[in-house]
Asker: 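Have a look at this one.
Order of the sequence lines fixes the chain letters, A, B, ..., with proteins taken first and strands second; residue numbering starts at 1 for each chain. FYI, side chains are in, hydrogens and waters are out, and symmetry mates aren't considered; it's all heavy atoms of this structure.
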Amino acid sequence: MAAKQDDDQSLRLVALQNAQSILAARVRAEEALRTQSDWLQTTLESIGDAVISTDAEGRIAYLNRVAELLTGWSRSEAIGRVLPEVLRIVNEATREPVEDLAQRALRERVVVAMGENILLIDRHGVERPIEDSAAPIQRGADAALGVVVVFRDVSERRQAQQAQAFLAAIIESSDDAIVSKTLEGVIRTWNAGAERLFGYTAHEAEGKPITLIIPPDRYDEEGEILARLRRGERVDHFETVRVTKDGRHIDISLTISPIRDASGRIIGASKVARDITARKRAEEALRETDRRKDEFIALLAHELRNPLAPLRNGLQVMRIAPDDAIAVSQARGMMERQLNHMVRLIDDLLDISRINRNNMELRRERVLLAEVVRSAVETARPLIAEAGQTLKISLPPVDVCLDADLTRLAQVFGNLLTNSAKYTERGGNIWLEAERHGAEVLVRVKDTGIGIPAEAIPTIFDMFSQVGRSIERTTGGLGIGLALVKGLVEMHGGTVAVESAGLGKGCTFIVRLPALERDADAAHDGTHQVTGAGQGTKRRILVAEDNRDSAISMSMMLRLVGNDVRTAHDGIEAVAVAKAFRPDVILMDVGMPRLNGYDATRRIREQPWGKGITIIALTGWGQERDKVRSTESGCDGHIVKPVDFPTLERLLTDLKTGKSRVEMSRRD
Amino acid sequence: MSSISIPTEPIGSIPRPLDLIEAAAARGGDDPALEPLYEAAIRDTIACFEATGSPVITDGEQRKYHNFWTYCVEGLPNTAPDGFKIPFSAGHVRRMPRLTAGPFRYKRHADSYLEIALKYAHKPVKQAVISPSALSLMYPPHEIPGYPRDQFIADLLHEHETEMRNCLRKGAHCVQMDFTEGRLAVKIDSSGDLLHSFIDLNNLALMRFSNEERMRIGVHTCPGSDRDSKHSGDVDYSALLPSLFELLVQNFYIALAGEKDRTRVLEIIAGHLKPGHRVFVGVIDPIDPRVETPEEVRDRILEAAKFIPVEQLGTCDDCGFSPFCDDTTTSRETAFAKIRARVDGTALASALLGGG
C-alpha cells in the first residue's frame, strides 16, 4: 500500500512538473496566436484595398479602415448589417443595383467578381468606380462560414485609362508620324501617321532598328541623336531626310524627346516626324520667285534707264543744232521711239499689276476677231518689219465675233506676235492662224524661232519667267508679256498654251477663246475712224498741270495746231485763269497743289461762266472709281496720263462733233 | 444495415490471434519473422470486422506492440522499463517506460498501421493514437541533464502532431486520441490540477489543426480495460467530463455501458455537451464476458437519447477489447459478436428514433 502511495506521489510529481512546462507552452502558444491574430488584423488594416467579411448569413462581421472610408460606414455601425446595406453597388450604365456578391459567393461557393463599370455609392451619396471580388470563407468542402469581399477605388486608374486612351487616340489620329524607340534604336511603337508617312505597317516596323527609315548616308545622325537623348536633351525641329518603304526620300522635321521610366531613368525616345516636303518645295519656290523678282528689278532699272540716254542725246542734238531740220527730225523720231518703248514697259507693268490685284476691268463689247488681229498686227508690225521677218495671217472665212475688250485682246495677240518677233531669227517666219471650233475660236501664233526647252514650258507664263533667258537681255523687254497674255486671256474666259519641239525648233502659242454666234446685224463695221486733229480749229484751252514741263510741252503742241492756250500750275491759279481767260476747254490735272483738280472743277462749275466749259480730267489713275469721282466733280471727260497728242486731238474733235462723254485710256 | 443513421464506431483493439501473441512473446514484437503473422491477423481482423456490418472498422490494433499506450515508444534506446505503474483492479500492474535521455522521438507512428489496414479494408478505417498527455508521463520526476522538460513537451507535441496529421493525410476516416489517463488523473489528483494540465497539453496539440481537421478527430475516455479489470473504475465521471468537453475536438467516445449509474453520467454529458459535439456513448462493455443483445444495446441508446439530441448521438464500445496485446481474456469471436450487437442494436435504435 505504501509502495502504491509512493508511485502515485511520484506520478503526481511528474505530472505537476510537466504542468509547469505545459503552462509555459500554452502561454507561448497563446502569445503566438495573439501575435498572429494581431498581425492579421494589422495586415488587413494596412492593405490598400477595402476588405469586408461577413458571416454565413451575409451579415458584416468585419471591415477594415479603407472599407470604412469608401463606404462611409464606421466599423461599429456596419457590423451586423447585411452587406448590400453598407456596400451599395450599382451598374454605372443602368444605375440598377448589382447582384449581392456575398450571397452569390455563399451560394456558389466560388470566387466571384462584379467586373467593370460598377459604382460604389457611399453612405453620403458619393459615387466611386470600383473593382471588387468576393470569396467564400470556407473550410474544406463544408458550407461557407461567410464571405470576404475585397474592393478598391479605381477612380484614378479609370481617369488614367481614359487619359491614356485619349492620348492614344490623339497619337493614332495624328497626321504626324509618332514613333517610340529604345536607347538602342529599336522601334517600339509606330502610329498610323508613321504608316502613312513611311509606308511600313506597325507590324513591319516594330522591333526593327530605326535605321529602317534612315538613309545610309545619314546613319551618323542617329548616333548623335541617341547620344543627346542619353544626356536627357530634347531635339527640336531637326530637319533631315528619311527614306520610305518604296525608297522615296522625304524631307521631315523631327522633334525627339527622351522617355523616362517611373524612376526617371531614360529608357527610350519618342519621335514626332512631320513631312515638310511640301513646305520645302514652297520655300524653294518662294526663293526662286524672290530671285526672279530681284533679277527683274535689276532688269527693270536697266530697261527704264536704257531709253534715257538716247532721249538725252536727242535733246542735246536739238539744243546744239536747232536749225538743222534733218538732225532735229531724226532726233525727234528716235526720241518718240524710245519714249513709246518706255511707255509700253510701264503700261505692261501696270497692267500685270492690275491683273494680279484683280483690278483690271474689261470693257467688253461685241468685236470681230479680224479687227482684234488687225489692231495687234499694227502694234507688232514695226518690230517684225525691222527684223525682216514674214508674218502670215490666216483667218476663218466667216468673221468670228467675240465678247471682248478689243484693246486688251489686241494687246494679247500683239504681245504674242512681238514675242515671236523677238525670239525669231532675222528673216524668219511668223504665222497667226485662227479657226473656229464650235463655240470657240482657236488662234495659233507660230514661229520658227529659238523655241522653248521642255523644262521651261510649265513656267513660261509665270511672272519673270523669261528673265533668265539669255536672249531676253539682248532683245529687251521685261519678260512679263506672256504673264500678261495669260491673265488677259483668262479674263476673257479663254486659255493659252504653248508647244515647242525644243530649242531651235520654234514654238506655237495656242489661244482658245469663247466665240459668239454670228449676228449679221450686230456685225462690227470693222473700222475705227481716226480722224485728223482738225487743223485750223481754234479753241481757247487752259492746261492746268502742276508739272511745269508737262504743262509747257502740252501747251506748245496745242498752240502748234492753232489753239489759244493758257497754263496754270495749281487749282487756285486754274480757277483764276479760267475766270479771266474763259476757255472752251480745260485740261485739268487732278493732283495739283493748293486746290486739287476735282475741287477746282467744282468751283469753276459753280460760276455762271464755268458751266459751258468742257473740262477733261487728266489723271494717272484709270479705275472706275476715279472716273466716277471725276464725273461727280463736274468733268466731261477722263484721260489717263500720259496723253499722246493724236489721242488728245481725236478727243477734242469728238467733243466738237458732239460726243458728250469721253473716256480714254492710254491705248485708245 | 443501410438504414443505420446513428453513427457507430469501434474503439480500436481486437484480441490478437494466439499464434501471434505467442510468437511476439517469444521473439519480440519487432521481429521481421512476425510479419506474415501480423499481415494474416490484420487481414482476418478486417474481414471479420466488415462481416459485423460495422460501418467503420479498425485493424484491431493487431500491430500495436505492446499496447495502445506505449506502441510508439516501445524499444526506444533512450528509455528504461521502470516508468510509472498503472495498477488495475484485478491486482496486476502495467508499467510504462521512462525516458532516460533526449531527444524524445517516436519509434513508430500509427499511420504505418493505417497504411496496411487500408490495403485490405473495404470500409472506412478509423485509427487510434495515444494522447500527448499519456506519453508526457514518461519524463522522470528529475530533469534529464541536457534535455529540459520544456523541450521534451515541445518534442512530444511535434511527434504527436506528425502522427495525427499523417493519419489524416493518409485517409483515416477519423483519428481517435486515446485519453484513458484522464480518468486516471482524477484518481491520482483529486484537485483536478493534473487533469487540467492534461487537457491543456492535449489542446496544445489539437490547436495545431484546423476546425475542418478537428471534425475528423475524436477523443476516447474510459476507466481502462485490461484482463477484465479497470484502472480507474471508481472515479466519478463528474470530475472528468466537464473538463473533457473543453478538448478542441468534435467527437467524444465515452465509456458508458460499464458504468453503474448511466443516467447520472448521461445527465453530466447533457449538461456539458456543446453545439457541434457528437458523443459516441459506449453501449458494449468489453469487460463483461456476456455478449449484449441488440435489444439491450437498443435500449441503452434509447436511454441515452433521452439526454443527448439524437443528431449529436453516436455509439461505440466502451473500450478496446484488448488494449494490451497479451490480454487473452476476451476471444476474438466474442469481440466481434459484441461488435455485431452494437451495430445491430444501433440500427434498431436508429429505426425507432427515426434516423435522427
Asker: For B/M207, which atoms come within 4.5 Å of any heavy atom of chain A: side chain, backbone, both, or neither?
Answerer: side chain
Asker: Specify which of B/I153, B/L157, B/I188 makes the most heavy-atom pairs with chain A at under 4.5 Å.
Answerer: B/I188
Asker: Heavy atoms under 4.5 Å from chain B: which residues of residues 24-35 of chain A carry them?
Answerer: A/A25, A/R26, A/R28, A/A29, A/L33
Asker: Just wondering, are more than 12 heavy atoms of other shown residues or ligands nearer than 6.0 Å to CZ in A/R123?
Answerer: yes
Asker: Once you round to the nearest 0.5 Å, how far does CD of A/Q20 lie from CZ of B/R149?
Answerer: 9.5 Å
Asker: Answer yes or no: does atom CZ of A/R188 have more than 12 heavy-atom neighbours from other residues, nucleotides or ligands under 6.0 Å?
Answerer: no
Asker: Work out which heavy atom in B/S197 is nearest to a heavy atom in A/A15; give both atom names and the distance.
Answerer: OG-O, 4.1 Å
Asker: Quick one: what part of B/P132 sits under 4.5 Å from any heavy atom of chain A, side chain, backbone, both or neither?
Answerer: neither
Asker: Within a radius of less than 6.0 Å around NE2 of B/H142, do more than 12 heavy atoms belonging to other residues, nucleotides or ligands occur?
Answerer: no
Asker: Under 6.0 Å from the NE2 atom of B/H158, do we count more than 12 heavy atoms belonging to anything else shown?
Answerer: no
Asker: In terms of heavy-atom proximity below 4.5 Å to chain A, should B/L137 be classed as side chain, backbone, both, or neither?
Answerer: both
Asker: Of all heavy-atom pairs between B/D150 and A/S21, which one has the smallest distance, and what is that distance?
Answerer: OD1-OG, 2.5 Å
Asker: Need one label for B/L201: side chain, backbone, both or neither, based on atoms under 4.5 Å from any heavy atom in chain A.
Answerer: both
Asker: How long is the straight-line distance from CD1 of A/I22 back to CG of B/N203, given to the nearest 0.5 Å?
Answerer: 11.0 Å
Asker: Can you tell me how far CG of A/L13 sits from CG of B/L194, rounded to the nearest 0.5 angstrom?
Answerer: 11.0 Å
Asker: Using a cut-off of 6.0 Å, state whether more than 12 heavy atoms not belonging to A/Q164 lie near its atom CD.
Answerer: no
Asker: Taking every non-hydrogen pair under 4.5 Å, which of B/F198, B/F152, B/F84, B/Y139 racks up the most with chain A?
Answerer: B/F84
